[in-house]
Structures are given as C-alpha cells and as structure tokens.
2 protein chains.
Amino acid sequence: MSDKGLSIFEETFSSDLCYLMAMSHIVLANNQVTSRFIEKNYDMPVHAWSTLYATVYFPGILAKEVQVLFPRPQNSISRAIKLLEERQLIRREVDKSDTRAKHLFPTEEGAALLAGIEEKVKQRQEEVFGVLTDSEKETFLRLCRKIIDSDTLNSSAAFEVF
Amino acid sequence: MSDKGLSIFEETFSSDLCYLMAMSHIVLANNQVTSRFIEKNYDMPVHAWSTLYATVYFPGILAKEVQVLFPRPQNSISRAIKLLEERQLIRREVDKSDTRAKHLFPTEEGAALLAGIEEKVKQRQEEVFGVLTDSEKETFLRLCRKIIDSDTLNSSAAFEVF
DNA sequence: GCAATATAGATCCATATGGTTCTATATTGA
DNA sequence: TCAATATAGAACCATATGGATCTATATTGC
C-alpha cells in the first residue's frame, strides 16, 4: 500500500461515516477476490452458491427464507434457484398445505459441490480474519450479531422518502 | 423476525463461515436500504456517490486511488466518473507530468449534493450502529482497521487457481 | 361464502456490472 | 536511444441485476 493510500484510509476511516465505510470496504475487497474465484472455478454466480449453502444447511428451506439469510431482491434468489435446479444441484418439493411454496433440498452432487466451495471459502475466511486474535474474532462476531439482531438493520426511518 | 429466521441466524452465525457470513449479511442488508434510497432520491448509482465522496474529501484524487478506497473494477469507477462529469458534479484536470492521469475535483453543486447525501447516510449509520455502545463502536472500528491494514484482504493464496 | 387483500414465487425488461480489450502515455533496461 | 513493458483510463459487449408486474394460491373480514 502506498503512502497516499494509507493516508486516504486513515482519513476515511476516521471520518463521520467511518463505520459504514470500513465495513463496506472489507466486504467489497473480499468480494472482489472471492466472487471472482467462485465464478471462475465453479462457473457459479455468487447468489447461486449462497443459495446452495442455505439449502445444504437448511434442507427444506423456502426461497423467502433464503432471502432473510442473504438479503437480496426476491428475483435474484428465484433465478439462483432456477440455475441450481437446472444443474441438478438442488431439487424442489411443493409444500403440502401451501402449494405456492416450494421446499428446497440439495442433491448429492449439490452437497458435494458445496463442500468443495465451503472448504475454499473457509480458507479465505482464515486469510481475512486470521489477523485477529481468537478473542478479537469472538468480539467481532458478537458485535455483528448485535447489529443483525436489532430491528433497524432492515428498515429505516431516516430514509423515508422526503 | 420469525422463530424460523432466528434459528437460521443462530446456526449460520455459529457455523464455520460465521465471520464472513455475519459481515456480508450486514452489508447486504444495509445496501438494500441505502442504495435503493440514494438511487431513488438522487438518481445516482452507488458507485457514483462513493466516487463523489472520494472526490469531495480528497480533491485532486485519481481514478486509480478511488479504486483503492472503494475496491471495485476499474471500469465501474471510470463510468461513475463519466456520469459525475456529465452532471457537472465534478471536473477533471490532466496531470502536468503524466498526461494519462486526470485529477478529480468537486464542483460547488457536487459538494452541495454530497453534503445532502452524506447527512442522510450518517443518519442511517446511526440507525445501524446505534445499537452498539460507544466503546463497542470503537472496538468494531479498530478490528475493521486491523483487517483492512493487513495485506491478505486484497489477494489470496487460498484462491490460487487449482 | 365470497370479495378484498396478502403472499410465494416467476417473469419481463431496462439498466448496471465486470471481464476484456483498446488507446495513449510512461518507464525500464539493454 | 529505442524496443519492451507497464500503467492510466476508456470502450466494447455479454451477462447479472433489480424494480415492476404477473400468476397462482392463501388468508382475512364482512
């Protein structure tokens, strides 16, 4: 990192928007690395692998629940599901009491593919967060959880149209 | 949040990818709210306002430096600059010793527009991070900084093509 | 019981995105 | 000095994205 880069960081991450800026920076920087890798090596857009992740860990999950875990527009999830089904990485079962709803289940190939991706992403997580001590990691997660569990994350009073 | 949603969160944010998942979740959820607001009320894509931010805070900045602060593909920054210049929110000056490079400066309108956006985004930041105590916010920022300052964030050994 | 409304998810379409390539200029090294 | 290489940024184009709408089914209230 150049001196110029460092002083820009120093100022930005001390500014009035420092928290949002710092957090977004990490996610943007990591996505540049991680998304590119997964798209290149698995020919799979980022929404597809996160939907596959949700399906493997929560078999029977519905599209609308995937959307709660990975906050994305509904049609993005819908498309990801279509792609995963076309590639036979998941299958769908219509809900018995609500025929609109479709439960998602991984196929064997889907579970195997996710295992591969997950292993790689875990290594990547260790690269990114490895710079923190175990105790710092724990703290970081606790603070993230606190933000996620608050009800202001998904809606806004400040952003009512003015 | 439904019970189902809570238990999905509980499990996901305790899993082996908990750190990446938790951080991405916050940024995705916030972007859904913030990006939509700015696009709707200012008719400005997210990259444009972040580039405007960089220009106002670092007048004379180059496109390649904006890219360091907001890790995005080079052509996205290039397009954002074009849009901002077309709307006369920034102007450009060719570098005297390197005629390829163009320094960015905000116009008065650009600075005024950013001030409005920034105020709103600051209110939003307070909604999202307001759930943390001052001390927790400070800790959160310190940990983010530690990750940002490490050299593994922007490249990866794990993701060398295999 | 049934009209009004809400919800799950699919599809449409205009636009944003990002990998790649291109041009112009700078730097490097034999 | 000048060919080889690197860099700043623009442009091209195939694809991803997301707001809006649509269909089908479920729920709600009179």
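Model, not experiment: these values are computed from the prediction. Chain A is the first sequence line, chain B the second, and so forth, proteins listed ahead of strands; every chain is numbered from 1.
Rounded to whole angstrom, the span from the CD1 atom of A:I77 across to the P atom of C:dG9 amounts to 11 Å. Straight-line distance from the CZ atom of B:R79 to the C1' atom of C:dT20: 13 Å, rounded to whole Å. Rounded to whole Å, atom P of C:dG18 lies 15 Å from atom CD1 of A:I38. Here the C1' atom of nucleotide C:dG9 and the CG atom of A:L62 are 10 Å apart, to the nearest Å. Distance CZ (A:R100) to C1' (C:dA10): 14 Å, rounded to an integer number of Å. Per the geometry, CD belonging to A:Q67 stands 13 Å off C1' belonging to C:dA10, to the nearest Å.
Listed by residue number, the members of residues 82-96 of chain B with any heavy atom below 4.0 angstrom from DNA chain D are B:R92.
Contacts classified as ring pair (Phe, Tyr, Trp, His ring centres under 6.0 Å) and involving residues 69-92 of chain B (residues at least two apart or in different chains) are not found. Listed by first and then second residue, the ring pair (Phe, Tyr, Trp, His ring centres under 6.0 Å) pairs that reach into residues 131-157 of chain A are A:F129-A:F140, A:F140-B:F140, sequence neighbours excluded. Each side chain to side chain donor-acceptor pair (under 3.5 Å) pair with one or both residues in residues 47-62 of chain B, not counting sequence neighbours, appears once here: A:S15-B:Y53, B:Y57-B:E118.
Partners of B:N31 according to the side chain to side chain contact (heavy atoms under 4.5 Å, CB included) rule, which considers only residues two or more places apart in sequence or in another chain, are B:V27, B:S35.
When the shell of 6.0 Å around CZ of A:R36 is examined, it contains 12 or fewer heavy atoms from other residues, nucleotides or ligands. For B:E109, the CD atom counts as densely surrounded, since its 6.0 Å shell holds more than 12 non-hydrogen atoms of other residues, nucleotides or ligands. Applying the 6.0 Å contact sphere to CD of A:E93 captures more than 12 heavy atoms from other residues, nucleotides or ligands.
Contacts between chain B and DNA chain D, taken as any atom within less than 4.0 angstrom of a protein heavy atom, begin and end at D:dA6 to D:dG19.
Side-chain atoms of B:L132 and B:T139, non-hydrogen and from C-beta on, never get closer than 4.5 Å to each other.
Along DNA chain D, the nucleotide nearest to A:H47 and the one nearest to B:A63 differ in position, and the one closer to the 5' end is contacted by B:A63. Along DNA chain C, the nucleotide nearest to A:D98 and the one nearest to A:N75 differ in position, and the one closer to the 5' end is contacted by A:D98.
Using a 4.0 Å cut-off, no side-chain N or O of A:S78 falls inside it from OP1 or OP2 of C:dG9.
Across A:E39 and A:V46, no two heavy atoms sit closer than the pair OE2-N, 4.0 Å.
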